[in-house]
**Student:** 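Quick one: this structure, given as structure tokens, is what I'll be asking you about.
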Amino acid sequence: HATEAVWAGEKAYRVHGASQVPVVNSVAYNYDDLDHWYQVAIGEEDGHIYGRNTNPTVASFEDKIKQMEGAEAATSFSTGMAAISNTLHTFLRPGDRVVSIKDTYGGTNKIFTEFLPKLDIEIELCETGNHAAMENEIKKGCRLIHLETPTNPTVKITDIERIAELAREQDALLVVDNTFATPILQNPLSLGADLVIHSATKFLGGHADALGGVLCGRKDLVEQVFHYREINGATMDPNAAYLMIRGMKTLDLRVWKQTENAGRLAEYLSGHPAVAEVFYPGLEDHPNHEIAKKQMKGFGSMFSFSLHGGMDAVKEVLPRLEFANRAANLGAVETTVGPARTTSHVESTPEERAELGIAEGLIRYSAGIESFDDLKQDLENALQALNVSNAQS
């Protein structure tokens, strides 16, 4: 994937001998030959008609991620949530049933708990990691299965291959959100998924400067979602696509460095007296460690941990971190931290977060590409504040 990240999907879109894909900021495209224009308009010939539908810079980004995920086709969106919502709305109808997990990203969870039920779509959210319970629900019949693995923010793992096998038997679509793992560490399509989604805003772009989402998979399925998106209008901006292309050139380098940092920091924190619990699939005591080891090439750069003292402790520690952005983002070159209540599950109430097993004092940590020694020392210095605070009280 390292070579694909640099070269895939670009050569056909370079012009005038340029070594980089240009940003094409054009709303519409000119045709002198009206018959050719018509053939492009109805999809019989390649080309571009209108920016809401397609754009050359955006197409280059789509080709790159398509090749990296080993997909037949890809289509992109203005945000990651647009990718998720457009996909769900394309395939679901009143009376349909969805089986998913409880531990999805907060925005995804809201679609399942608030919006789809209003359309008379039945939603069954299973305990994440309880594969037997999930299989029982799938066997009752469903139109679509949605997985997120690893999950946000507690990094739980679902066995994609196991669920995919049953999805095929039941003729259900299996959609996997692969944002946390990236195509560097996990390829859900090769494990049997029908469609794979990324919030491109995160690791694909990698520099926290562009919004986007993307869907990859079987051509017949992706074309249906593309049609929904081109009419409903959640189109990726060509400037964002350019930033995604540029960011993805270093995706392999970034992800492996971030993964190394995360694994070592998770080990360090798991032995720290101020830390109540660490959630990272690379730790041998993680309940889904073996599944992660089987289906991922590495355990990823995301982990979370809770502190003794809950939110009061979090308020002491986070402001003292020097090498971390306290922000609602992840996957960037800079380390990014925050509690779930202001990041992944800001849309949820405290009661809803508690039901999902997300403590108010849980810290989500997206390891960046900084020096491990600096990140470790930074955490050490910040956690010392708890000793001072406890001594004063």
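Predicted, not measured: the structure shown is a model, and the values here were computed from it.
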**Student:** Could you tell me whether the side chain of L191 reaches within less than 4.5 Å of the side chain of Q295, counting heavy atoms only?
**Tutor:** yes

**Student:** Between N178 and E69, is there a side-chain donor-acceptor contact under 3.5 Å, judged purely by atom types and distance?
**Tutor:** yes

**Student:** Using side-chain heavy atoms (C-beta onward) and a distance below 4.5 Å, is E267 in contact with R264?
**Tutor:** no

**Student:** How would you list, by chain and number, every residue that makes a side chain to side chain donor-acceptor pair (under 3.5 Å) with T54, sequence neighbours excluded?
**Tutor:** H48

**Student:** Any side-chain donor paired with an acceptor under 3.5 Å for H1 and E4?
**Tutor:** yes

**Student:** What distance do I111 atom CD1 and Y105 atom OH have between them, rounded to the nearest 0.5 Å?
**Tutor:** 10.0 Å

**Student:** Which residues pass the salt bridge (Lys or Arg N to Asp or Glu O under 4.0 Å) test with K293, sequence neighbours left out?
**Tutor:** E290

**Student:** Using 0.5 Å steps for rounding, measure from the CG atom of D177 to the CG atom of L215.
**Tutor:** 10.5 Å

**Student:** Examine Y228 and L88 and state if one hydrophobic cluster contains both, with Ile, Leu, Val, Met, Phe, Trp and Tyr joined whenever side-chain heavy atoms are less than 4.5 Å apart.
**Tutor:** no

**Student:** What do you reckon, are the aromatic ring centroids of H286 and F299 less than 6.0 Å apart?
**Tutor:** no

**Student:** How is the hydrophobic cluster of I42 composed, in terms of its other members, when Ile, Leu, Val, Met, Phe, Trp and Tyr link through side-chain heavy atoms under 4.5 Å apart, directly or indirectly?
**Tutor:** Y38

**Student:** What's in the same ILVMFWY side-chain cluster as V23, cut-off under 4.5 Å, chained through other members?
**Tutor:** Y242, L243

**Student:** Say whether M81 and V98 are linked into one hydrophobic cluster, either directly or through other cluster members, by side-chain heavy-atom distances under 4.5 angstrom.
**Tutor:** yes

**Student:** Should Q258 and M302 be marked as a side chain to side chain contact (heavy atoms under 4.5 Å, CB included) after you check the CA-CA gap, both sets of side-chain angles, and the distance that decides it?
**Tutor:** CA-CA 8 Å; Q258 290 166 315; M302 299 298 304; over 6 Å; no

**Student:** Check whether any side-chain heavy atom of Y268 sits under 4.5 Å from a side-chain heavy atom of L379, and report yes or no.
**Tutor:** yes

**Student:** Report whether L174 and L92 are members of the same hydrophobic cluster (ILVMFWY, side-chain heavy atoms less than 4.5 Å apart, transitive linking).
**Tutor:** no

**Student:** Got a second to check how far M296's CE is from T149's OG1, nearest 0.5 Å?
**Tutor:** 7.0 Å

**Student:** Whether the side chain of S366 engages the backbone of T335 through a donor-acceptor N/O pair (distance < 3.5 Å, no angle test) should be reported.
**Tutor:** no

**Student:** Among all residues two or more places apart in sequence or in another chain, which pass the salt bridge (Lys or Arg N to Asp or Glu O under 4.0 Å) test with E137?
**Tutor:** R97, K140

**Student:** Is it true that N25 and N239 share a donor-acceptor pair across their side chains at a distance under 3.5 Å?
**Tutor:** yes

**Student:** When you look at CG of D220, are more than 12 heavy atoms from neighbouring residues, nucleotides or ligands closer to it than 6.0 Å?
**Tutor:** yes

**Student:** With the threshold set at 4.0 Å, does a side-chain nitrogen-carboxylate oxygen contact exist between R162 and E135?
**Tutor:** yes

**Student:** Show the nearest heavy-atom pair for residues C126 and A133, with the distance to one decimal.
**Tutor:** SG-O, 4.4 Å

**Student:** Ignoring hydrogens and geometry, is there a side-chain-to-backbone donor-acceptor pair from T79 to F77 under 3.5 Å?
**Tutor:** no

**Student:** Would you say the side chain of L116 lies within less than 4.5 Å of the side chain of E122, judging by non-hydrogen atoms?
**Tutor:** no

**Student:** Give the minimum heavy-atom separation between K102 and E127, together with the two atoms involved.
**Tutor:** NZ-OE2, 2.7 Å

**Student:** Within this structure, what is the OG-CG distance for the pair S199 and L211, rounded to the nearest 0.5 Å?
**Tutor:** 8.0 Å

**Student:** Is there a side chain to side chain contact (heavy atoms under 4.5 Å, CB included) between F323 and L375 once you walk through the steps?
**Tutor:** CA-CA 7 Å; F323 301 123; L375 294 179; 4.1 Å; yes

**Student:** What verdict does the salt bridge (Lys or Arg N to Asp or Glu O under 4.0 Å) test give for E10 and K249, after you've listed the backbone C-alpha separation in whole Å, the side-chain angles of each residue and the deciding distance to 0.1 Å?
**Tutor:** CA-CA 11 Å; E10 295 196 21; K249 289 176 185 290; 2.7 Å; yes

**Student:** Would you kindly say whether T90 and Q224 are connected by a side-chain donor-acceptor distance under 3.5 Å?
**Tutor:** no

**Student:** Can you see whether D103 engages T151 through a side-chain donor-acceptor pair at a distance of less than 3.5 angstrom?
**Tutor:** no

**Student:** Give the intermediate values and the outcome of side chain to side chain contact (heavy atoms under 4.5 Å, CB included) for residues T75 and V214.
**Tutor:** CA-CA 6 Å; T75 192; V214 68; over 6 Å; no

**Student:** State whether a side-chain donor-acceptor pair under 3.5 Å links S100 with E124.
**Tutor:** no

**Student:** With a 4.5 Å limit on heavy-atom distance, are the side chains of I245 and S60 in contact?
**Tutor:** yes

**Student:** Does K294 have any side-chain contact (heavy atoms from CB on, under 4.5 Å) partners at least two apart in sequence or in another chain, and if so, which?
**Tutor:** D159, E161

**Student:** Are L265 and V314 linked, directly or through intermediate hydrophobic residues, by side-chain heavy-atom contacts shorter than 4.5 Å (ILVMFWY only)?
**Tutor:** yes

**Student:** Hydrogens and angles aside, do N261 and K376 bring a side-chain donor and acceptor to less than 3.5 Å of each other?
**Tutor:** no

**Student:** How close do A8 and K64 get, heavy atom to heavy atom, and via which atoms?
**Tutor:** O-NZ, 3.0 Å

**Student:** Enumerate the salt bridge (charged side-chain N to carboxylate O under 4.0 Å, His left out) contacts for residues 31-52, please, sequence neighbours excluded, ordered by first and then second residue.
**Tutor:** none

**Student:** Just to verify, what does E322 make a side-chain contact (heavy atoms from CB on, under 4.5 Å) with, not counting sequence neighbours?
**Tutor:** D378

**Student:** What's in the same ILVMFWY side-chain cluster as W37, cut-off under 4.5 Å, chained through other members?
**Tutor:** V24, V27, Y29, Y31, L34, V40, I49, Y50

**Student:** Check the hydrophobic clustering (I, L, V, M, F, W, Y; side-chain heavy atoms under 4.5 Å; chains of links allowed) and say if W7 and I184 are grouped together.
**Tutor:** no

**Student:** If we only count heavy atoms from C-beta on, is the E169 to K139 side-chain gap below 4.5 Å?
**Tutor:** no

**Student:** With sequence neighbours left out, write down each residue that passes side-chain contact (heavy atoms from CB on, under 4.5 Å) with A276, or none if nothing qualifies.
**Tutor:** S306, H308

**Student:** Mark yes when over 12 heavy atoms from residues, nucleotides or ligands other than E284 sit less than 6.0 Å from its CD; otherwise mark no.
**Tutor:** no

**Student:** Using every non-hydrogen atom in the two residues, find where A74 and I65 come nearest and quote the distance to one decimal.
**Tutor:** CB-CG2, 4.3 Å

**Student:** To the nearest 0.5 angstrom, please state how far the CG atom of L147 sits from the CE atom of M134.
**Tutor:** 4.5 Å

**Student:** Where is the tightest heavy-atom contact between L269 and F303, given as atom of each residue plus distance?
**Tutor:** CD1-CE1, 3.5 Å

**Student:** Decide yes or no for L362 and F305: does some side-chain heavy atom of the first lie under 4.5 Å from some side-chain heavy atom of the second?
**Tutor:** no

**Student:** Hey, could you give me the CD/CD1 distance between E165 and I160, rounded to the nearest 0.5 Å?
**Tutor:** 14.0 Å

**Student:** Please determine whether side chain to side chain contact (heavy atoms under 4.5 Å, CB included) holds for the pair H131 and I291, giving the CA-CA distance in whole Å, both sets of side-chain angles, and the decisive distance to 0.1 Å.
**Tutor:** CA-CA 11 Å; H131 292 77; I291 299 172; 3.5 Å; yes

**Student:** Given side chain to side chain donor-acceptor pair (under 3.5 Å), test D63 with Q67 step by step and report yes or no.
**Tutor:** CA-CA 6 Å; D63 279 358; Q67 290 185 48; 5.6 Å; no

**Student:** Checking N136 now: which residues fulfil side-chain contact (heavy atoms from CB on, under 4.5 Å) with it, not counting sequence neighbours?
**Tutor:** none

**Student:** Side-chain contact test, heavy atoms from C-beta onward, threshold under 4.5 Å: evaluate it for L330 versus N152 and give yes or no.
**Tutor:** yes

**Student:** Other than F226, which residues form its hydrophobic cluster under the rule that side-chain heavy atoms must be closer than 4.5 Å?
**Tutor:** none

**Student:** Taking all heavy atoms of R254 and all of H207, pick out the closest pair and write down the distance.
**Tutor:** NE-CE1, 4.2 Å

